Q: 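Quick one: the structure is below, and I'll ask about it shortly.
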Amino acid sequence: MRISCPLLLCLGAALVSSAFVLSPPHMWTKLILTHHWPSTFCSIEHCHPYINYWTLHGLWPDKGIDCNSSWHFNSSLIQDLLPDMKKSWPDLLNPSSPGFWKYEWHKHGTCAARAASLNSQHKYFSKALELYHKVDLNSVLKKFNITPSDKYYTFSGIEAVIENFYGVKPKIQCVHPEDDSVQILGQIEICFNSDFTLLDCERHTTTETFSKGDQAVAMGAEAASGFCVCDHDTPVYYPPLK
């Protein structure tokens, strides 16, 4: 029996549709542990810096944004974590508000929760804190004499300290004033595989094409906050608390 072209097209469409429906949701392959420097952040956002150590900005999967808008943030589920979160993951703009954590949960936590290891608010926030303390970026920089100062550092010097200590390449971001003779250290990302082992931030663990929403995970926070990748040749200012 000869099958007509229209029937073949219908069968093909049905198969494609079935494959799409049965495909699992896109799973992230990299977690980005993002730290920001309060003095630099507040110079952009016009807040008053009161902390002299690197604080947690977020734990971001490399795929997805706002993956489940119906999964509302509930601080009562993380009551035991709140003392540490207030210190390690503070809202620099509104210190007494849980709004920053709510934002991070909706934007990034609901996507990280695609993994069983992070599939609750408590798992997500506790893992972020665990990785933050494990990395202990503030102590590592101090150990190798990278401290807030009015003197300037080289980008390669900062990157080498981090890369040599952790064995992976970080992503280091700066603020670039109109006077391009210096850049201001603002944000440092340390990356992890899905099993929470360290990973080069520049390494891609998947060959899939990112959607626009996925690209925004990598780009949106930088653009919104004024941070972008540091220039390799421009001196770096690591501003002290004043």
Side-chain angles (χ1 to χ4, degrees), residues 32-60 65 84-108 128-129 131-133 135-163 169-191 201 216-242:
I32 305 164
L33 185 73
T34 307
H35 309 71
H36 54 193
W37 182 243
S39 292
T40 304
F41 176 85
C42 285
S43 72
I44 301 170
E45 299 294 339
H46 308 294
C47 52
H48 180 68
Y50 59 94
I51 295 173
N52 197 31
Y53 54 85
W54 287 87
T55 61
L56 188 55
H57 186 169
L59 182 65
W60 305 338
I65 289 179
D84 191 8
M85 289 181 68
K86 289 175 182 178
K87 180 179 180 181
S88 304
W89 200 340
D91 184 336
L92 297 171
L93 292 172
N94 300 290
S96 61
S97 169
F100 181 36
W101 306 326
K102 177 181 177 180
Y103 174 83
E104 289 295 311
W105 167 252
H106 285 160
K107 185 173 183 180
H108 301 295
L129 291 168
L131 295 176
Y132 168 80
H133 291 300
V135 166
D136 197 10
L137 178 64
N138 207 63
S139 295
V140 170
L141 292 176
K142 283 183 178 178
K143 180 178 180 179
F144 293 96
N145 299 314
I146 305 293
T147 57
S149 171
D150 287 327
K151 72 173 186 178
Y152 295 157
Y153 294 92
T154 63
F155 171 81
S156 59
I158 297 172
E159 183 181 53
V161 162
I162 298 172
E163 188 171 356
K169 187 177 288 291
K171 184 175 181 181
I172 304 174
Q173 297 153 359
C174 292
V175 173
H176 299 263
E178 290 184 7
D179 175 10
D180 60 2
S181 62
V182 67
Q183 56 192 338
I184 305 170
L185 185 62
Q187 192 157 271
I188 297 177
E189 297 177 0
I190 305 292
C191 298
C201 283
V217 175
M219 300 172 63
E222 291 179 32
S225 64
F227 297 128
C228 59
V229 175
C230 301
D231 181 79
H232 284 234
D233 300 318
T234 303
V236 178
Y237 176 46
Y238 184 6
L241 180 67
K242 294 182 178 178

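As the structure is a computational prediction, the values presented were derived from the model and not from experiment. Worth knowing before you read on, the calculation uses all heavy atoms, side chains too, and leaves out hydrogens, waters and symmetry mates. The chain is numbered in sequence order, starting from 1.
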Q: With the side chain counted from C-beta on, respond yes when P90 and I51 share a heavy-atom pair under 4.5 Å apart, and no when they do not.
A: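 Side-chain contact under 4.5 Å: yes.
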Q: Is there a side-chain contact between D84 and H133, using heavy atoms and a 4.5 Å cut-off?
A: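 D84 reaches H133 side chain to side chain.
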Q: Considering non-hydrogen atoms only, spot the tightest contact between F100 and H57 and give its length.
A: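 Smallest interatomic distance, heavy atoms only, reads CZ-O, 3.3 Å.
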Q: Using only atom types and a distance under 3.5 Å, with no angle test, would you say the side chain of N94 pairs donor to acceptor with the backbone of S96?
A: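 Absent.
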Q: Nearest 0.5 Å, what's the NE2-CG distance between H46 and L93?
A: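 Answer rounded to 0.5 Å: 10.5 Å.
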Q: Rounded to the nearest 0.5 Å, what's the gap from CD on Q173 to CD1 on I188? Could you check?
A: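 Answer for the CD-CD1 pair, Q173 versus I188, is 9.0 Å.
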Q: Would you please test W101 and K86 for side-chain contact (heavy atoms from CB on, under 4.5 Å) and show each step?
A: CA-CA 10 Å; W101 306 326; K86 289 175 182 178; 3.8 Å; yes
Q: Contact between S39 and P239 at the side-chain level, heavy atoms closer than 4.5 Å - yes or no?
A: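 S39 vs P239: side chains touch.
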Q: Do NZ/NE/NH1/NH2 and the carboxylate oxygens of D91 and K102 come within less than 4.0 Å?
A: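 No, D91 and K102 are not salt-bridged.
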Q: Of all the heavy-atom pairs spanning W60 and E189, show the shortest one and how long it is.
A: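 Between these two residues, the closest heavy atoms are CZ3-OE2, 3.9 Å.
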Q: Give me the atom names and distance for the closest heavy-atom approach of Y153 to I158.
A: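 So the minimum-distance heavy-atom pair works out to CB-CD1, 3.9 Å.
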Q: Using every non-hydrogen atom in the two residues, find where P240 and P148 come nearest and quote the distance to one decimal.
A: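 Residues P240 and P148, closest heavy atoms: CA-CB, 3.5 Å.
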Q: Could you measure the distance from the SG atom of C42 to the CH2 atom of W37? Nearest 0.5 Å is fine.
A: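 Here the rounded value is 11.5 Å.
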Q: Check V140 against V135 and note the closest heavy-atom contact, atom names and distance.
A: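 Scanning both residues, the minimum pair turns out to be CG2-O, 3.9 Å.
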Q: Has the side chain of T234 got a donor or acceptor atom that lies under 3.5 Å from a matching backbone atom of V182?
A: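 No; zero donor-acceptor contacts below 3.5 Å.
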Q: Would you check, one step at a time, whether the test side-chain contact (heavy atoms from CB on, under 4.5 Å) holds for F155 with D233?
A: CA-CA 7 Å; F155 171 81; D233 300 318; over 6 Å; no
Q: How many angstroms lie between CG in L137 and CG in L56, if you round to the nearest 0.5 Å?
A: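 If I round to the nearest 0.5 Å, the distance is 11.0 Å.
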Q: Ring pair (Phe, Tyr, Trp, His ring centres under 6.0 Å) between H35 and Y132: does it pass, once the steps are laid out?
A: CA-CA 8 Å; H35 309 71; Y132 168 80; 5.8 Å; yes
Q: Quick one: does L92's side chain get under 4.5 Å of Y50's, heavy atoms only?
A: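 A side-chain contact under 4.5 Å exists here.
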Q: Nearest 0.5 Å please: distance from the CD1 atom of I190 over to the OG1 atom of T34.
A: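 I190 CD1 to T34 OG1: 9.5 Å, rounded to 0.5 Å.
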Q: In sequence, state the C-alpha distance, the side-chain angles, and the governing distance for K242 and D150, and then conclude on salt bridge (Lys or Arg N to Asp or Glu O under 4.0 Å).
A: CA-CA 11 Å; K242 294 182 178 178; D150 287 327; 3.7 Å; yes
Q: Measuring from I172:CD1 to D231:CG, what's the distance to the nearest 0.5 Å?
A: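 Reported value, rounded in 0.5 Å steps: 12.5 Å.
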Q: Classify the angle between the aromatic ring planes of Y238 and W54 as parallel (below 30°), tilted (30 to 60°) or perpendicular (above 60°).
A: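 Because their plane-to-plane angle lies in the 30° to 60° range, the rings of Y238 and W54 count as tilted.
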Q: Is the side chain of Q183 donor-acceptor paired with the backbone N or O of V175 at a distance under 3.5 Å, no angle test?
A: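 Here the side-chain-to-backbone pair does not exist.
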Q: Measure up the H36 and F41 rings against each other and bin them: parallel (under 30°), tilted (30 to 60°), perpendicular (over 60°).
A: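 Correct class here is tilted.
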Q: Which atoms form the tightest heavy-atom contact between P177 and I184, and what is the distance?
A: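 For P177 versus I184, the nearest heavy atoms are CG-CD1, 3.9 Å.
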Q: I would like to know whether H232 and S156 meet side-chain contact (heavy atoms from CB on, under 4.5 Å); could you show each step before the answer?
A: CA-CA 7 Å; H232 284 234; S156 59; over 6 Å; no
Q: Decide if atom CZ of F144 counts as having more than 12 heavy atoms of other residues, nucleotides or ligands within a radius under 6.0 Å.
A: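 It does: F144 CZ has more than 12 such atoms within range.
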